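In this text the structure is predicted, and so the values were computed from the model without any measurement. All heavy atoms count here, side chains included; hydrogens, waters and symmetry mates do not.
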Amino acid sequence: MKVHVATFGCSANQASAEVMMATIRNLGHELVSEKHADVVVLNTCTVKYSTEQKILHKIKELGEKGIEVVVAGCMPEVQLDDIIRNNPDAHILGVNSISRIGEVLNSIAIPGISSKNTSRQALHVFSHEPEGFINVPRFRFNSNIHICQLSQGCNNACSYCIVRFVRGSLRSFDPDPIIEDIRQGVAEGCREIWLTSQDNAQYGMDIDLRLPELLKRICDIPGDFKVRVGMMNPFSVLPILEELLDAFEHNKIYKLVHLPIQSASNDVLKRMNRFHSIEEANRMINSFRDRFDDITLFTDIIVGFPGEKDVDFMKTVEWVKDYRPEKVNISRYTPRPHTKALEYRTLDSRIVAQRSNELHDVCEQVQITVRKNMMGWKGRVFVSKEAKVKGLMARTSSYKPVVIPDSNAIPGSFYEVEIFDATPGYFLGRVIT
């Protein structure tokens with residue numbers, strides 16, 4: 001069969017797609033674009049309402065065209081009724097069941113193509129425990145990047161978050177298979193390792209090993225590669241802060257910390273059930289900056305959370321000006337099914353939009369200052385892939401993006417570069433060695 005895999009959402013979903021695509025190819029099927037597909041696998045995300053609606057429309061549209069649809073990822077776990085309402089013939093693959101994509105494809109009957117099952121009954125496959133996430137073949141989106149998922153699930157209860165209902169409580173994967181998974185990725189030529197989960201700093205809370213120790217073991221793997229530690233919630237970082245700082249000293253680890261504050265107002269954080277104060281988050285950021293001069297800060301902010309007053313929003317605006325994060329993922333709050341915040345009264349959408357636009361403008365001004373400070377910088381970068389614009393995408397040791405235009409540099413290699421210009425989204429550099 002001709003199969004297309006469309007992926008939405010986080011890097012964990014991207015890793016799952018790579019596993020499913022490898023399985024699909026190994027079974028003898030062909031990976032194609034959507035317009036040539038007999039079967040479309042939608043690897044879904046349900047974090048945002050807008051993404052959910054886009055996916056539901058796609059599920060319905062494909063069904064109306066007579067194309068077989070497999071809905072995988074997060075949505076089947078909490079929105080199965082919505083999926084079936086839009087396409088009763090859709091096949092379902094639960095979020096823990098990526099290794100069973102073959103079962104679903106074997107159940108599909110395509111005219112003119114042999115199948116084990118000639119009926120048109122949709123197959124629903126769910127697994128309670130995660131299966132087949134590490135030490136399995138991959139068909140990578142980028143041959144230089146290996147994505148390793150450390151765990152499945154989360155033990156926290158943020159009042160707006162639907163993902164914990166999707167992926168369940170924390171289940172950390174054993175460290176030895178993780179090390180072997182990364183070792184194999186390096187052996188296959190990957191020079192950038194992404195560590196992903198729903199909250200990397202929670203890793204090991206349910207087993208006898210925490211994230212800093214795992215990072216040290218990863219850095220002991222032979223080879224010239226860099227490690228990107230994904231998102232860590234402040235309340236999960238706090239108990240391991242000093243050990244984490246020590247682990248980040250290793251030159252294989254990108255000096256990047258992705259620490260979502262969500263709001264700079266303690267009143268809003270309390271309603272969000274975030275289990276940290278803004279003062280505690282600030283202390284963590286300051287600790288990283290005191291230890292590492294070139295640390296890059298990413299954060300996430302939800303604008304317009306129920307009960308957010310003007311004074312609360314202004315605290316967040318002033319926080320961005322003071323702490324100058326290099327990247328801010330801004331989300332306009334939308335209610336999600338099953339969550340506690342669904343009971344709260346939402347703000348006027350016009351107020352939410354206005355605050356979102358204002359915060360975007362503030363973030364842009366902050367980034368202009370950061371870009372000016374980088375002019376003339378010289379240092380080692382890792383070239384990871386072709387850039388969306390003309391040239392190659394590279395990363396500094398603190399994960400700042402540098403596009404090298406018109407270069408003979410080779411993806412998967414390290415080079416010395418000089419930054420000579422910048423755009424709103426990235427720096428421009430030239431190879432000097």
Begin from the C-alpha positions of His258 and Asp300 and carry the test side chain to side chain contact (heavy atoms under 4.5 Å, CB included) through to its verdict.
-> CA-CA 8 Å; His258 183 178; Asp300 302 348; 2.9 Å; yes
Crowded around Arg291 CZ? As in, over 12 foreign heavy atoms under 6.0 Å?
-> yes
Taking atom types as modelled, is there a side-chain donor on Asn26 or Thr23 under 3.5 Å from an acceptor on the other?
-> no
Test item: Thr423 side-chain N/O and Gly425 main-chain N/O as donor-acceptor pair under 3.5 Å | yes
For salt bridge (Lys or Arg N to Asp or Glu O under 4.0 Å), just list the numbers for Arg183 and Glu180, CA-CA rounded to whole Å, side-chain angles, deciding distance to a tenth of an Å, and then say yes or no.
-> CA-CA 5 Å; Arg183 190 188 305 274; Glu180 183 54 36; 3.8 Å; yes
Inspect the surroundings of NZ in Lys48 and state if more than 12 heavy atoms from other residues, nucleotides or ligands are less than 6.0 Å away.
-> no
Could you tell me whether a side-chain N or O of Ser356 sits under 3.5 Å from a main-chain N or O of Val352, the two making a donor and an acceptor?
-> no
Trace of the side chain to side chain contact (heavy atoms under 4.5 Å, CB included) decision for Cys10 with Thr196 = CA-CA 9 Å; Cys10 63; Thr196 187; 5.5 Å; no
Partners of Asp82 by side-chain contact (heavy atoms from CB on, under 4.5 Å), sequence neighbours excluded?
-> Leu56, Gln79, Arg85
Give, for atom CG of Asp421 and atom OH of Tyr426, the distance between the pair rounded to the nearest 0.5 Å.
-> 9.5 Å
Is there a donor-acceptor pair under 3.5 Å between the side chain of Asp199 and the backbone N or O of Cys154?
-> no
Is the shortest heavy-atom distance from the side chain of Met20 to the side chain of Val104 under 4.5 Å?
-> no
Please report the closest heavy-atom contact between Ala247 and Pro212, naming both atoms and the distance.
-> CB-O, 3.8 Å
Between Asn156 and Arg274: side-chain donor-acceptor atoms closer than 3.5 Å = no
Spatial distance of atom CD1 (Ile419) from atom CD1 (Ile404) [nearest 0.5 Å] = 10.0 Å
Would you say the side chain of His250 lies within less than 4.5 Å of the side chain of Leu215, judging by non-hydrogen atoms?
-> no
Under a 4.5 Å cut-off applied to non-hydrogen side-chain atoms, are Tyr203 and Ile178 in contact?
-> yes
Is there a side-chain contact between Asn329 and Lys327, using heavy atoms and a 4.5 Å cut-off?
-> yes
For Phe141, does its backbone N or O pair with a side-chain atom of Glu18 as donor and acceptor, under 3.5 Å?
-> yes
Measure from the side-chain N and O atoms of Arg171 to the backbone N and O of Ser169, and report whether any donor-acceptor pair falls under 3.5 Å.
-> yes
Reported CG-to-CG distance for the pair Leu123 and Asn106, which is rounded to 0.5 angstrom | 10.0 Å
Show the numbers, then the answer: is there a side chain to side chain contact (heavy atoms under 4.5 Å, CB included) between Thr44 and Thr46?
-> CA-CA 7 Å; Thr44 63; Thr46 188; over 6 Å; no
Would you say the side-chain atoms of Arg228 pair up with the backbone N or O of Leu195, donor to acceptor, closer than 3.5 Å?
-> no
CD1 of Ile302 to CD1 of Ile261, rounded to nearest 0.5 Å, is 10.5 Å
Could you give me the CA-CA distance, side-chain angles and deciding distance for Asp176 and Arg217, then say whether salt bridge (Lys or Arg N to Asp or Glu O under 4.0 Å) is met?
-> CA-CA 9 Å; Asp176 290 343; Arg217 291 188 59 182; 2.7 Å; yes
CG/Asp322: more than 12 non-hydrogen atoms of other groups inside 6.0 Å = yes
Sub-3.5 Å donor-acceptor pair from the side chain of Thr296 to the main-chain atoms of Ser398, do we have one?
-> yes
Is it the case that more than 12 heavy atoms not belonging to Phe126 sit under 6.0 Å from its CZ atom?
-> yes
For Asn200 and Met232, indicate whether the former's side chain and the latter's backbone hold a donor-acceptor pair under 3.5 Å.
-> no
Greater than 12 external heavy atoms within 6.0 Å of Lys385's NZ | no
Could you check if a side-chain atom of Val257 sits within less than 4.5 angstrom of a side-chain atom of Ile285, using non-hydrogen atoms only?
-> no
Residues at least two apart in sequence or cross-chain that pass side-chain contact (heavy atoms from CB on, under 4.5 Å) with Asn273, listed by chain then number, are Ala157, Ser159, Phe275
Short side-chain donor-acceptor distance under 3.5 Å, Gln152 and Arg167 | yes
Gap separating the CZ atom of Arg371 from the CE atom of Met374, nearest 0.5 angstrom = 12.0 Å
Side-chain contact, heavy-atom cut-off 4.5 Å: Val366 with Tyr323?
-> no
Test side-chain contact (heavy atoms from CB on, under 4.5 Å) applied to Glu61 - qualifying residues, sequence neighbours left out | His57, Lys58, Lys65
Measure the acute angle between the ring planes of Phe248 and Phe288, then classify it against the limits of 30° and 60° as parallel, tilted or perpendicular.
-> perpendicular
Roughly how far apart are Ile83 CD1 and Ile92 CD1, rounded to 0.5 Å?
-> 4.5 Å
Side chains of Asn357 and Arg332 in contact at under 4.5 Å (non-hydrogen atoms) | yes
Between the side chains of Ser384 and Asn144, does any donor sit under 3.5 Å from an acceptor?
-> no
Residues forming a salt bridge (Lys or Arg N to Asp or Glu O under 4.0 Å) with Arg100, sequence neighbours excluded | Glu103
Ring pair (Phe, Tyr, Trp, His ring centres under 6.0 Å): which pairs involve residues 359-402, sequence neighbours left out?
-> Tyr254-Tyr399, Phe382-Phe414
Excluding sequence neighbours, so at least two apart, what forms side-chain contact (heavy atoms from CB on, under 4.5 Å) with Met284?
-> Pro234, Val237, Leu238, Leu241, Leu259, Glu280
Lys35-Ser33 side chain donor-acceptor pair, cut-off 3.5 Å | no
Before giving the answer on salt bridge (Lys or Arg N to Asp or Glu O under 4.0 Å), spell out for Lys226 and Glu192 the whole-Å C-alpha distance, their side-chain angles and the decisive distance to 0.1 Å.
-> CA-CA 5 Å; Lys226 302 291 285 188; Glu192 192 167 284; over 6 Å; no
Please find out if less than 6.0 Å separates the ring center of Tyr333 from that of Tyr160.
-> no
Ignoring hydrogens and angles, state whether a donor on the side chain of Gln202 or Asn155 is under 3.5 Å from an acceptor on the partner side chain.
-> no
With side chain to side chain contact (heavy atoms under 4.5 Å, CB included) as the test, would you mind laying out the steps for Leu256 and Glu326 before giving the verdict?
-> CA-CA 10 Å; Leu256 161 71; Glu326 280 83 354; over 6 Å; no
Is atom CG of Asn408 surrounded by more than 12 heavy atoms (other residues, nucleotides or ligands) closer than 6.0 Å?
-> no
Any Lys/Arg nitrogen of Asp181 or Arg138 sitting under 4.0 Å from an Asp/Glu carboxylate oxygen of the other?
-> yes
Does a donor on one side chain sit under 3.5 Å from an acceptor on the other, for His276 and Asn233?
-> no
Main-chain N/O of Val78 paired to His338 side chain as donor or acceptor, under 3.5 Å | yes
Within-4.5 Å side-chain heavy-atom neighbours: Thr396 and Asp294 = no
